[in-house]
There are 2 protein chains.
Amino acid sequence: MDIVPLIDYMQKFVELEPQEVEIIQKHTSLRNYLKGQFVVQQGDVCRHESFVVEGCLRTFYVDEKGQEHTVMFAIENWWTADLGSFLTQTPAHYNVQCLENTKVIQFSHTNLENLYLQVPKMERFFRIILQRAYVASERRLVRSYSLTAKERYLKFRQDYPLIEQRVPQYMIASYLGITKEFLSKIRNQLILEQ
Amino acid sequence: MDIVPLIDYMQKFVELEPQEVEIIQKHTSLRNYLKGQFVVQQGDVCRHESFVVEGCLRTFYVDEKGQEHTVMFAIENWWTADLGSFLTQTPAHYNVQCLENTKVIQFSHTNLENLYLQVPKMERFFRIILQRAYVASERRLVRSYSLTAKERYLKFRQDYPLIEQRVPQYMIASYLGITKEFLSKIRNQLILEQ
DNA sequence: AAAGAAGGTTAAACTAGTTTAATCTAAGTC
DNA sequence: GACTTAGATTAAACTAGTTTAACCTTCTTT
């Protein structure tokens, strides 16, 4: 059974009966992507919500001036999608690209809506997941206003040491809302300080 | 029945049976606050999630340097709380203060957990509400990085014309992540442009 | 009507972070 | 082993937004 990592993850939040696990399995699909491939492309409708089994992805947005803004990273046991696009099945604002070869478990929109009806516990599960996601997003917003770039970088390193190792610096810079040149300067300062 | 505004709002997302409405009523309480009063104070545990029936509130955070950062505003038909604090029943990072005399419908933490068990539709309801809140929060974050202060201000005016009328400018400035002086400058520019 | 509060404006000096552009490094690939 | 390509660094000139400080406006209170 290939959805074991997802079920293990879900069991942390809700208790699932064997028959529920079976229904969940019928409503998901597995997919492998190569490094560089896109799970979602800006302008297309986001067809799936993906649970990362293995690999690393980046969600980013290219603005009118052509600048890239990294919205989030996702590694093992994280969820990724352009949620706004997925929920309303309208064109995506964001791109989701694999930074490594990546294995995901996916829910299509109709399958997920169906699953909510057949396994009401899924409502509870996603309610809990979304609460956490919302709180995290709000905290990040507050930090973006109340901390300097250097403080945000230190916080990022502390919160996501595993991600820092796996992604290029210019993506971290755009996640922090600064240029790669300025991140480079900050890093240099930090080395000199010690 | 005093929870009519809440029920009307909920019916937009889920269909409620009369007996469910009754259970919901038993798990909520009504409360009136005067202008200036605090619904949540930084450092205290946030005991309630509040649905605004009438009035206007601001969620803000005072950082170590003593600076205020406005996290959100809430008016009629919005929800407010320090959700992170409410969910984990740990000290709040934020203050929620009434900017006008305000009437809310509140769920305590235990009542809400109870209600989830008695009326499973509540899970669905909050799942949907949280999806929207998360998407909105993510969009605001992207804007904070990709737009200039002036662009953010114009967007705010466009998105929340009702709020703009009701709250002082220095709070809008801190919501936009800029100083009141700079907002004043932007407003002056906008007048000159026309 | 005088006196505070609370909010808003203006302007000069300043700084955190950007822009531009050149150089460096390392890894793949022909 | 030379040649792209992708990423990282450095530094000088610049700018969006901050800081400080003084002043203005309006409403509330007495």
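Proteins get letters first, then strands, A, B, ... in listed order; numbering begins at 1 in each. Hydrogens, waters and symmetry mates are skipped; everything else that's a heavy atom, side chains included, is used.
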Which of the following nucleotides, [options], is nearest to the side chain of [X]?
X	options	value
B:F182	C:dT18, D:dA16, D:dT10	D:dA16
B:R152	D:dG17, C:dT19, C:dG8	D:dG17
A:Y170	D:dG7, C:dG17, D:dA16	D:dG7
B:P168	C:dG17, C:dT10, C:dG7	C:dG7
B:T148	C:dT19, D:dG17, C:dG7	D:dG17

Length of the [atom1]-[atom2] vector between [X] and [N], whole Å:
X	N	atom1	atom2	value
A:I178	D:dA16	CD1	P	19 Å
A:K35	C:dA27	NZ	P	12 Å
B:K185	C:dA13	NZ	P	13 Å
B:R166	C:dG7	CZ	P	17 Å
A:L99	D:dA6	CG	P	15 Å
B:R187	D:dT25	CZ	P	16 Å
A:L192	D:dT10	CG	C1'	13 Å
B:K180	C:dA11	NZ	C1'	14 Å

- Under 3.5 Å: donor-acceptor pair, side chain of A:E151, backbone of A:T148: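 Such a contact is found between A:E151 side chain and A:T148 backbone.
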
- Message: Could you check whether any side-chain N or O of B:S85 sits under 3.5 Å from a backbone N or O of B:C46, counting only pairs where one atom can act as donor and the other as acceptor?
- Response: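 Here the side-chain-to-backbone pair exists.
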
Does [X] put a side-chain nitrogen or oxygen below 4.0 Å from OP1 or OP2 of [N]?
X	N	answer
A:T179	C:dG17	no
A:N188	D:dT9	no
A:Q169	D:dT9	yes

- Message: Minimum heavy-atom separation for B:I3 and B:I24, please, with both atom names.
- Response: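 Residues B:I3 and B:I24, closest heavy atoms: CD1-CG2, 4.2 Å.
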
- What is the ring orientation for A:Y175 with A:F156, classed by angle as parallel under 30°, tilted 30 to 60°, or perpendicular over 60°?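 Taking A:F156 first and then A:Y175, their aromatic rings sit tilted (interplane angle of 30° to 60°).
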
- Are side-chain N/O atoms of B:E138 and B:Y134 paired as donor and acceptor at under 3.5 Å?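 Yes, side-chain donor-acceptor contact under 3.5 Å.
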
- DNA chain C: 5'-proximal contact among A:A149 and A:E181 (nearest heavy atom):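 Upstream on the strand: A:A149.
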
